[in-house]
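Just the heavy atoms: all of them, side chains too, but no hydrogens, waters or symmetry mates, feed the values below. Note that the numbering runs from 1 along the sequence shown for the chain. None of these values were measured; they are calculated from a predicted model.
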Amino acid sequence: MQTLFTLAGGLALFLYGMDRLTAGLRESAGEGLRSLLRRAAGHPFRGLGIGTLLGVIAQTSAGTVLVAGFVHAGLLTLAQSLPLTLGLNIGTTLALQLIAFRLADLAPATIAAGTILYLTGAHCRRRPIGSALIGFGLLFLGMAMMGEALRPHRGAMAPWLAHFDGATPLGLLTGILAATAVTAVIQSSSATLGILFAMIHAGTIHRFEQAYPIVIGANIGTCITALLGTLGSNREAKRAAYSHLLFNVFGGLVGAAAAPLFYRWIGATSDSLVRQVAHANTIKMVATVALVWPWQATFLKLVRVVVVSREPTPPSSRLDPNLLAQPEDALRATLEELRRAAAWCRESHELTQRIILESTPAAWRRVQRNEAAVDQIKQAARNYLVRMTRYYLSRRQALLLQHLDRIAWNLERVHDHIKVIAALSIQRYNVAEARFFVEELDHLFELHEMTGVVLQRLEAALAPEIEDFGTAASTVIQARDALAARSSTVR
């Protein structure tokens, strides 16, 4: 029993350390990480490089969810997201190269240094760096604990591990399926490979043929996180997640076919079995990317066949950097982008009516995805407007730019309120005193419909082709005043 608790504690430390490490690195990178993702649009090789960097900073699954969120918001197309996804897979293998070094002896010093930075950097960038160092130390401490727990039971585990020996086709398949299932449960390929490294250090696994199937299965199993993370997202975002899955399934087939080559030549890369596993993971991933890269269009056709949907393709971002030199065109593009954000608000507002009547998990997930999309559009639009100020602007253009920045900010606040209403509606189901009578529901839905009119007119007023902005604005103000008057009476 003590062994089981030690093993579970080591795994928990490893997972928590990995979470702290990636969270600290992402926080340290800040908004620059999102800016890098936006710059990947339209540049495949740049997207591959940025994706690789993101994979080093964050785990593949977390990075894929972030990329899928950009696709949902229309800031990236499916085609633009694929190089990022390929790079993410390479980047994660490079991060594991660092974990493959046996640095458990440095864990206490790393945790101590990280704690000092964390406690003394409450209002500066030292805090996230300290968090990352603490996570880095805990990660190796967890691996050491798992190794110590497994070492006394090497002999007892040998017959069980023989079933997953990749030296035979059946053992290779069984090992891949088992590693896929374990990784799908813990939702981290890094954690699965961390357990593998601990087993190697403990002497439980001592041949590359035993470890190789776990490498393949871990890469496939980690895709479940992205699939779960896109529940409630639009069709293109789901396709981005499925492209990650299909890529790794293809990579698994490539890895299985190349197994004899790895068994014969991987020993030439290092004398350490842990290093051999890390090298094989990187080599397999780079080879798979090289095979898929020339056939990206065909690969995306396959993704569209797998993920069939009648849902229309969401409009893509209008924030073209090439328009910045023509401020009038750039302002028009910003208006169109803010109109997309208004459309997300209107859709989420309509979904809240369903949530008020009954608990609808799918609708709530969609509201959450739309919230992330509106946040990303707001930040992208505001960054775009800041870049626009580097060019000459007339007084009218400068004033309009300021108003557009305020609109972007307020649209994000509008959706925040919509999300709060949806969240409160879900909480209300468990509170008997919070149930509405029929008459109260009638009043509530009357206000809901009047709010919908305001949002519809707002979306229409943001159309750049409108010549009379004054009249369009008046219709929005009239609907707002009517809503305010009726709201006061109902309240």
Can you find a pair of side-chain heavy atoms, one from [X] and one from [Y], that are under 4.5 Å apart?
X      : Y      : answer
Asp416 : Val420 : no
His72  : Arg235 : no
Ile407 : Leu404 : yes
Trp344 : Glu459 : no
Gln80  : Pro44  : no
His417 : Val414 : no
Trp364 : Lys419 : yes
Glu371 : Asp375 : yes

Closest approach of [X] to [Y] (non-hydrogen atoms, all atoms of both residues):
X      : Y      : answer
Val71  : Ala237 : CG1-N, 3.6 Å
Gly47  : Leu84  : O-CD2, 3.4 Å
Ala256 : Ile216 : N-CD1, 3.8 Å
Ile220 : Gly252 : CD1-CA, 4.4 Å
Ala422 : Thr352 : CB-CG2, 4.0 Å
Ile418 : Cys345 : CD1-O, 3.4 Å

Inter-residue atom distance [X].[atom1] - [Y].[atom2], 0.5 Å rounding:
X      : Y      : atom1 : atom2 : value
Ile426 : Ile421 : CD1   : CD1   : 12.5 Å
Arg365 : Thr360 : CZ    : OG1   : 10.5 Å
Leu351 : Asn370 : CG    : CG    : 7.0 Å
Arg239 : Leu82  : CZ    : CG    : 13.5 Å
Thr451 : Leu455 : OG1   : CG    : 7.0 Å
Tyr212 : Leu196 : OH    : CG    : 13.0 Å

- [ ] Check step by step if side chain to side chain donor-acceptor pair (under 3.5 Å) holds for Thr183 and Thr192.
- [x] CA-CA 6 Å; Thr183 308; Thr192 301; 2.8 Å; yes
Task: Verdict with reasoning, Phe250 to Leu302, per side-chain contact (heavy atoms from CB on, under 4.5 Å) - done: CA-CA 12 Å; Phe250 176 68; Leu302 176 61; over 6 Å; no
Open item on the list: Between Thr52 and Leu86, is the side-chain contact (heavy atoms from CB on, under 4.5 Å) condition met? List the steps.
Closed with: CA-CA 8 Å; Thr52 301; Leu86 302 182; over 6 Å; no
Open item on the list: Between Glu328 and Arg332 (salt bridge meaning N to carboxylate O under 4.0 Å), is one present in this structure?
Closed with: no
Task: N-O pairing of Glu336 and Arg339 below 4.0 Å - done: no
Task: Sole residue of Thr222, Thr85, Asn89, Asn219 in side-chain hydrogen bond (donor to acceptor under 3.5 Å, both in side chains) with Asn248 - done: Asn89
- [ ] Show your reasoning for whether side-chain contact (heavy atoms from CB on, under 4.5 Å) applies to Leu401 and Gln397.
- [x] CA-CA 6 Å; Leu401 184 148; Gln397 290 170 341; over 6 Å; no
Is there a donor-acceptor pair closer than 3.5 Å between any side-chain N or O of [X] and the backbone N or O of [Y]?
X      : Y      : answer
Tyr384 : Asp320 : yes
Ser243 : Ala240 : yes
Asn281 : Val277 : no
Ser425 : Ile356 : no

Report all side-chain donor-acceptor pairs from residues 288-301 shorter than 3.5 Å, counting only partners two or more places apart or in another chain.
| from | atom 1 | to | atom 2 | distance (Å) |
| --- | --- | --- | --- | --- |
| Thr288 | OG1 | Lys284 | O | 2.7 |
| Gln296 | NE2 | Trp293 | O | 3.3 |

- [ ] Test Leu53 against Ile50 for side-chain contact (heavy atoms from CB on, under 4.5 Å), laying out the working first.
- [x] CA-CA 5 Å; Leu53 176 63; Ile50 292 173; 5.6 Å; no
Side chain to side chain contact (heavy atoms under 4.5 Å, CB included) against [X], all qualifying residues, sequence neighbours excluded:
X      : value
Thr282 : Thr93, Leu94, Gln97, Val286
Ala179 : Ile214
Glu209 : Asp165, Ala167, Arg207, Tyr263

- [ ] Count the heavy atoms belonging to other residues, nucleotides or ligands that lie under 6.0 Å from CZ of Phe45, then report whether that count exceeds 12.
- [x] no
Open item on the list: With a sphere of 6.0 Å drawn around CZ of Phe208, does it hold more than 12 non-hydrogen atoms of other residues, nucleotides or ligands?
Closed with: yes
Open item on the list: Evaluate His279 against Ser270 for side chain to side chain donor-acceptor pair (under 3.5 Å), listing each step before the verdict.
Closed with: CA-CA 9 Å; His279 294 333; Ser270 175; 4.9 Å; no
TODO: Please identify each residue that fulfils side-chain hydrogen bond (donor to acceptor under 3.5 Å, both in side chains) with Thr334, with sequence neighbours left out.
DONE: none
Open item on the list: Quick one, Arg318 with Glu337, criterion salt bridge (charged side-chain N to carboxylate O under 4.0 Å, His left out). Give me CA distance, side-chain angles, the key distance, then yes/no.
Closed with: CA-CA 6 Å; Arg318 304 296 196 274; Glu337 192 73 356; 5.5 Å; no
Task: Counterpart residues, salt bridge (Lys or Arg N to Asp or Glu O under 4.0 Å), relative to Asp405 (two or more places apart) - done: Arg382
TODO: Would you please indicate if the ring centroids of His448 and His349 are separated by under 6.0 Å?
DONE: yes
